[in-house]
Visitor: 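Provided herewith is a single structure, encoded as structure tokens, for subsequent inquiry.
Residues take their numbers from the sequence shown, with the count starting at 1.
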Amino acid sequence: MRLVILGLIGAGKGTQAKICAEQHNLLHLSTGDMLREAVAAGTDLGNQANEYMTSGQLVPDELVIDMLLERIGQPDAEGGFILDGFPRTVGQAEALETALTGRALDIDTVPFIRVPEEMLLERIAKRAEIEGRADDTPEVAQRRLREQSEGIEGVASFYASRGKLQDVDGVGSVEEVNARLEAALAG
């Protein structure tokens, strides 16, 4: 099973991705984590990514996809994977689809964990309080949500047009959301 999990900041996407990966013995791939690991390991791709990251630039899509392809080519990805945090734009989704097709692979399904904006803002505020995150102030959080929403909705439409999108109600306990996610994957 190969999945892309979508959700806005605070929707619980990362939590659900980890649980789903464990339940289905999938490799959980967070592109942010992958970039940091590649930089720390000093790989060629990591060194290239580090040049962009240290200068405050976004790592180019091609480089991120090359890292993903390298990673999913390893033995522990043979049973499947779940992508968490990528793609974030339609251009990234198209590039990922092209790259996977070149390896005779495809994304099977794309669960989108949906939570109303006001609830996301509450969750982000709680997280900021607990973790002391300066990037989660109400004003910054609202701006980030709006910016991210535009890209994610485009990605959702991209996968919906391919019959792969599964909306999942993200309101409720972690267990309730996971049960809905599992039902979407089974359906």
Side-chain angles (χ1 to χ4, degrees), residues 1-39 41 43-46 48-49 58-115 148-149 151-170 174-187:
M1 183 182 335
R2 291 176 295 278
L3 309 173
V4 167
I5 190 164
L6 300 178
L8 294 172
I9 307 160
K13 167 184 60 73
T15 299
Q16 292 301 326
K18 288 176 188 164
I19 294 168
C20 184
E22 287 175 17
Q23 290 172 325
H24 297 277
N25 200 28
L26 301 173
L27 180 62
H28 175 222
L29 295 173
S30 163
T31 51
D33 291 346
M34 283 178 51
L35 286 169
R36 287 184 287 278
E37 288 167 11
V39 168
T43 67
D44 288 341
L45 291 173
Q48 290 175 50
L58 291 176
V59 178
D61 293 348
E62 304 81 42
L63 187 55
V64 174
I65 289 173
D66 285 347
M67 291 177 80
L68 274 172
L69 291 175
E70 182 178 89
R71 185 64 186 92
I72 65 174
Q74 295 176 15
D76 62 346
E78 288 175 6
F81 55 83
I82 184 166
L83 298 181
D84 173 4
F86 191 89
R88 290 182 186 216
T89 66
V90 173
Q92 290 175 347
E94 291 170 342
L96 177 63
E97 181 178 69
T98 300
L100 289 175
T101 300
R103 291 193 170 195
L105 297 174
D106 198 4
I107 297 298
D108 297 313
T109 192
V110 180
F112 188 165
I113 300 175
R114 294 192 183 265
V115 177
Q148 190 186 50
S149 181
I152 294 294
E153 288 298 337
V155 173
S157 294
F158 173 86
Y159 286 114
S161 73
R162 284 150 174 76
K164 297 179 183 212
L165 188 70
Q166 296 285 332
D167 283 327
V168 176
D169 180 358
V174 170
E175 295 79 15
E176 289 168 335
V177 175
N178 182 255
R180 289 186 212 115
L181 174 60
E182 287 301 313
L185 295 177

Visitor: Start with the C-alpha distance between Leu96 and Leu100, add both sets of side-chain angles, then the distance that settles side-chain contact (heavy atoms from CB on, under 4.5 Å), and finish with yes or no.
Guide: CA-CA 6 Å; Leu96 177 63; Leu100 289 175; 3.9 Å; yes
Visitor: Of the non-hydrogen atoms in Pro111 and Leu185, which two are nearest, and what is the gap between them?
Guide: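 Pro111 and Leu185 have their closest heavy atoms at CG-CD2, 4.4 Å.
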Visitor: Keeping Gln92 on the side-chain end and Phe86 on the backbone end, is there a donor-acceptor pair under 3.5 Å?
Guide: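 Such a contact is absent between Gln92 side chain and Phe86 backbone.
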Visitor: State, to 0.1 Å, how close Cys20 and Leu181 come at their nearest heavy-atom pair, and which atoms those are.
Guide: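 Nearest heavy atoms, Cys20 then Leu181: CB-CD2, 4.2 Å.
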Visitor: Do you know which two heavy atoms are closest between Leu27 and Ala77, and how far apart they sit?
Guide: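 In this case the closest contact between Leu27 and Ala77 is CD2-CB, 3.7 Å.
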Visitor: Which value, rounded to the nearest 0.5 Å, describes the distance between Tyr159 atom OH and Ile107 atom CD1?
Guide: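 It comes to 5.5 Å.
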Visitor: Evaluate side-chain contact (heavy atoms from CB on, under 4.5 Å) for Asp169 paired with Val115, printing each intermediate quantity in order.
Guide: CA-CA 7 Å; Asp169 180 358; Val115 177; over 6 Å; no
Visitor: In Å and rounded to the nearest 0.5 Å, what is the CD to CD1 distance from Glu70 to Ile65?
Guide: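 Reported to 0.5 Å precision, the distance equals 14.0 Å.
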Visitor: Distance from Leu6 atom CG to Ile113 atom CD1, nearest 0.5 Å?
Guide: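 These two atoms lie 9.0 Å from each other.
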Visitor: Please report the C-alpha distance between Arg103 and Leu69 in whole Å, then the side-chain angles of each, then the deciding distance to 0.1 Å, and finally whether the side-chain contact (heavy atoms from CB on, under 4.5 Å) criterion is met.
Guide: CA-CA 9 Å; Arg103 291 193 170 195; Leu69 291 175; 3.7 Å; yes
Visitor: Taking all non-hydrogen atoms of both residues, which atom of Met1 and which atom of Leu26 are closest, and how far apart?
Guide: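 For Met1 versus Leu26, the nearest heavy atoms are O-CD2, 3.4 Å.
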Visitor: Looking only at non-hydrogen atoms, find the nearest pair between Gln16 and Ile5 and report the distance.
Guide: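 Shortest heavy-atom separation between Gln16 and Ile5 comes out as CB-CD1, 4.1 Å.
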Visitor: Residues in salt bridge (Lys or Arg N to Asp or Glu O under 4.0 Å) with Arg71, at least two apart?
Guide: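 For Arg71 the salt bridge (Lys or Arg N to Asp or Glu O under 4.0 Å) partners, ignoring immediate neighbours, are Asp76.
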Visitor: Would Val168 and Phe112 count as a side-chain contact (heavy atoms from CB on, under 4.5 Å) if you check the C-alpha gap in whole Å, the side-chain angles of each, and the deciding distance to 0.1 Å?
Guide: CA-CA 6 Å; Val168 176; Phe112 188 165; over 6 Å; no
Visitor: For Glu176, what residues pass the salt bridge (Lys or Arg N to Asp or Glu O under 4.0 Å) criterion, not counting sequence neighbours?
Guide: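 Applying salt bridge (Lys or Arg N to Asp or Glu O under 4.0 Å) to Glu176 gives none.
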Visitor: Have a look at Gln48 and tell me which of Val39, Leu63, Asp66 forms a side chain to side chain contact (heavy atoms under 4.5 Å, CB included) with it.
Guide: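 When Val39, Leu63, Asp66 are each tested with Gln48, the side chain to side chain contact (heavy atoms under 4.5 Å, CB included) holds only for Leu63.
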Visitor: Is Thr89 reaching over with its side chain to a backbone N or O of Gly151, donor-acceptor style, under 3.5 angstrom?
Guide: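 Side chain of Thr89 to backbone of Gly151, a donor-acceptor pair under 3.5 Å: no, none is there.
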Visitor: For Asp106, does its backbone N or O pair with a side-chain atom of Arg2 as donor and acceptor, under 3.5 Å?
Guide: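 It does hold such a pair.
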Visitor: State the CD-OG1 distance between Gln166 and Thr109, to the nearest 0.5 angstrom.
Guide: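 Reported value, rounded in 0.5 Å steps: 4.5 Å.
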Visitor: Which atom names give the shortest non-hydrogen contact between Ala93 and Pro87, and what distance separates them?
Guide: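 Nearest heavy atoms, Ala93 then Pro87: N-CB, 3.5 Å.
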Visitor: Among pairs that include at least one residue of residues 83-98, which meet salt bridge (Lys or Arg N to Asp or Glu O under 4.0 Å), considering only residues two or more places apart or in two chains?
Guide: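 Non-adjacent pairs meeting salt bridge (Lys or Arg N to Asp or Glu O under 4.0 Å): Lys13-Asp84, Glu97-Arg162.
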